[in-house]
Protein chains: 2
Amino acid sequence: MPDDVFHPVDAETALAGTPPGHKDELRLWLRLLTCTNLIEAEIRRRLRTEFDTTLPRFDLLAQLERAQGGLTLGEISRRMMVTGGNVTGLATRLEEEGLVERRPDPSDRRVQRLRLTARGRRDFARQSAAHESWIAELLGGLSDRDRAALHALLGRAKASVRTGLEGSP
Amino acid sequence: MPDDVFHPVDAETALAGTPPGHKDELRLWLRLLTCTNLIEAEIRRRLRTEFDTTLPRFDLLAQLERAQGGLTLGEISRRMMVTGGNVTGLATRLEEEGLVERRPDPSDRRVQRLRLTARGRRDFARQSAAHESWIAELLGGLSDRDRAALHALLGRAKASVRTGLEGSP
DNA sequence: CCCAGATGCTTTAGGCTTCAAGGATCGAGG
DNA sequence: CCTCGATCCTTGAAGCCTAAAGCATCTGGG
C-alpha cells in the first residue's frame, strides 16, 4: 500500500532530529544487532580456525543430528529458514567432504534424503561440544537471573515481531 | 530450571548429551539469534521490494550520512566492521548507481574518499525514514518498560561477550 | 487414462563476504 | 637520497545466499 507517495512527511520529519518516539525501538534494534553480530562473528571465526568449517555447515549437521533417519532437502531448507537452492549447494559440499550422504527416497523419486555419515557424526560431536562451551563462555558473564530475564524478554520481542509480520509470509 | 534430561519432548530442547549446565546459555543464544534473524530478514526483504536495495548498501549510506565531509574506504571498513575488500565492492556498485562518488584525497594518494551525491542523500533519506518505521512496527508490541529492560540486559550481555573475547581481537 | 497444478530439487545470475596476495604510497631512519 | 616497513586500496578465489526459471515427479479431478 504505497499511499504515502504524496506525503513526504516521514522523510522530512526523519531528518528533523526528533520525529516521533521511534528512537527507542531503533536503539534497541541496534543493540540487539550488535550483540548478535559480536557473538556470531566469534563463532564463525572459531569454527574456521579450530575446525576449518563454517556456521552454515555446522547448522546443517546440527539439523541432521537431531533428526534420526535423515531429512529431505526441503525439510532442511524449512528448518534452517533458507532457500532450497542454498541447501542444494551446502549438501553438495558436505557430501564431497564425506560428512553427509544423499540417498533417494524409495517412495518419492523427487526427494533426496540426507543422512550423516559416521565421520559426519563424529566430526559434529566434537564441533558441537566446542560450540556449546564457546557460547557458555561468551554469555557466562550474565547471572542466572539476568539470563532468565533476557530469555523471557526476547520471547516477548519475538512475539512482537511475529505480530508485526502478520500478512507478509 | 528444567533439567528434564530424560524428556526430550520439546523440539527446541532436543539436545542429546547432558554434559554440564551450559544448556541455558545455548537456549538464550538460539533465541537471541532467532529474534535478530527474524527482524533482519524482514528488513532485507522490504529494502529489496520497496527500494530495490540491500542492507549493506543501506548501512554504507548511513555511515556516510552521519559523517559530513565523506569517509575513506578504510574508515568505512572499520565502522561497518567488515573487510576492506568488501567495502571496495560496495563502493563500486554504489558509485555505478550514482549514489556515491569516489574522490582522491589531496594529501595522501593512497586514499579514496567517499561522499554521498545529492541523489544518494535523497534516496537514503527516504530509506532511512521507512527503516525506522519498520523497526518501530516490529518492536512496537513491547511495552516501554520491557523495551527499556531489554535494552539494559542486552548491554550486560554485550559486556559479557566482550569480556569473553579478551585476547582474541 | 490424462492432464493440470503442486511439490521437490537443481541450476543460473548476481550480490555479499572473507582471506590472501599484490601494487601503490607514505613515513622514518640511515 | 634510499630503503624498509606500515598503511591503503584493489583483485581473485571460494563460499554463502537469494530469486527466478526449469525439470522431474506426484496427486487428484475428470
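Basis for what follows: all heavy atoms, side chains included, without hydrogens, waters or symmetry-related copies. Labels below follow one simple rule: chain letters A, B, ... track the order of the sequence lines, proteins then strands, and each chain is numbered from 1.
DNA chain C is contacted by both A:Gly84 and B:Ser107; A:Gly84 maps to the nucleotide lying nearer its 5′ end (nearest heavy atom per residue). Place A:Thr83 and A:Asp108 on DNA chain D by their nearest nucleotides, and A:Thr83 ends up nearer the 5' end.
Atom CG of A:Leu47 and atom P of C:dT18 are 16 Å apart (whole Å). Atom CG in A:Leu71 sits about 14 Å away from atom C1' in C:dG8, given to the nearest Å. Taking atom CZ on A:Arg113 and atom P on C:dC9, their separation rounds to 9 Å, with Å as the unit. Atoms CG (B:Leu114) and C1' (D:dC9) sit 12 Å apart, rounded to a whole Å. Taking atom CG on B:Leu94 and atom C1' on C:dG15, their separation rounds to 12 Å, with Å as the unit. When the C1' atom of C:dC16 is taken as reference, atom CZ of B:Arg44 falls 8 Å away, rounded to whole Å. For B:Met81 and C:dT18, the CE to C1' distance is 15 Å, given to the nearest whole Å. The separation between A:Leu73 atom CG and D:dC17 atom C1' is 16 Å, rounded to whole Å.
For the pair B:Arg57 and C:dC16, the criterion of a side-chain N or O lying under 4.0 Å from OP1 or OP2 is met. Note on B:Arg93: a side-chain N or O is less than 4.0 Å away from OP1 or OP2 of C:dC16.
With distances taken from any side-chain atom of A:Thr54 to the nucleotides D:dT25, D:dC8, D:dC16, the minimum falls on D:dC16. The side chain of A:Val111 sits closest to C:dG8 out of D:dT11, D:dC16, C:dG8. Comparing atom distances between the B:Gln112 side chain and each of D:dT10, C:dT11, C:dG8 picks out D:dT10 as nearest. Candidate nucleotides D:dC16, D:dT11, D:dA6 were compared by shortest atom distance to the side chain of A:Leu90, and D:dC16 ranks first. Nearest to the side chain of A:Val82, among C:dT18, D:dT18, D:dT10, sits D:dT18. In the set D:dT7, D:dT18, C:dT10, C:dT10 carries the atom at the smallest distance from any side-chain atom of A:Arg102. Distance from the side chain of A:Arg78 is smallest to C:dG8 among C:dG8, D:dC8, D:dG15.
Residue contacts shown for A:Asn86 include a base, since a base heavy atom lies under 4.0 Å away. Looking at heavy-atom distances under 4.0 Å, B:Thr72 makes contact with sugar-phosphate atoms alone, never a base. Among the heavy atoms of the strands lying under 4.0 Å from B:Gly74 are primed sugar atoms or P, OP1, OP2 only; no base atom is included. Heavy atoms of A:Arg48 sit under 4.0 angstrom from primed sugar atoms or phosphate atoms, though from no base atom.
A salt bridge links B:Glu40 to B:Arg44: at least one charged side-chain nitrogen sits closer than 4.0 Å to a carboxylate oxygen. A salt bridge does not link A:Arg113 with A:Glu101: every distance from a Lys NZ or Arg NE/NH1/NH2 to an Asp or Glu carboxylate oxygen is 4.0 Å or more. Ion pairing of A:Glu42 with A:Arg46 is present here, as a side-chain N (NZ or NE/NH1/NH2) and a carboxylate O approach within less than 4.0 Å. Taking a cutoff of 4.0 Å between a charged side-chain nitrogen and a carboxylate oxygen, A:Glu25 and A:Arg27 do not qualify as a salt bridge.
In this structure, B:Phe51 has its ring center at least 6.0 angstrom away from the ring center of B:Phe58.
Within 3.5 Å, no donor on the side chain of A:Arg109 pairs with an acceptor on the base of D:dT25, nor the reverse.
Cluster membership for B:Ile76 and B:Val111, using ILVMFWY side-chain heavy atoms within less than 4.5 angstrom, is not shared.
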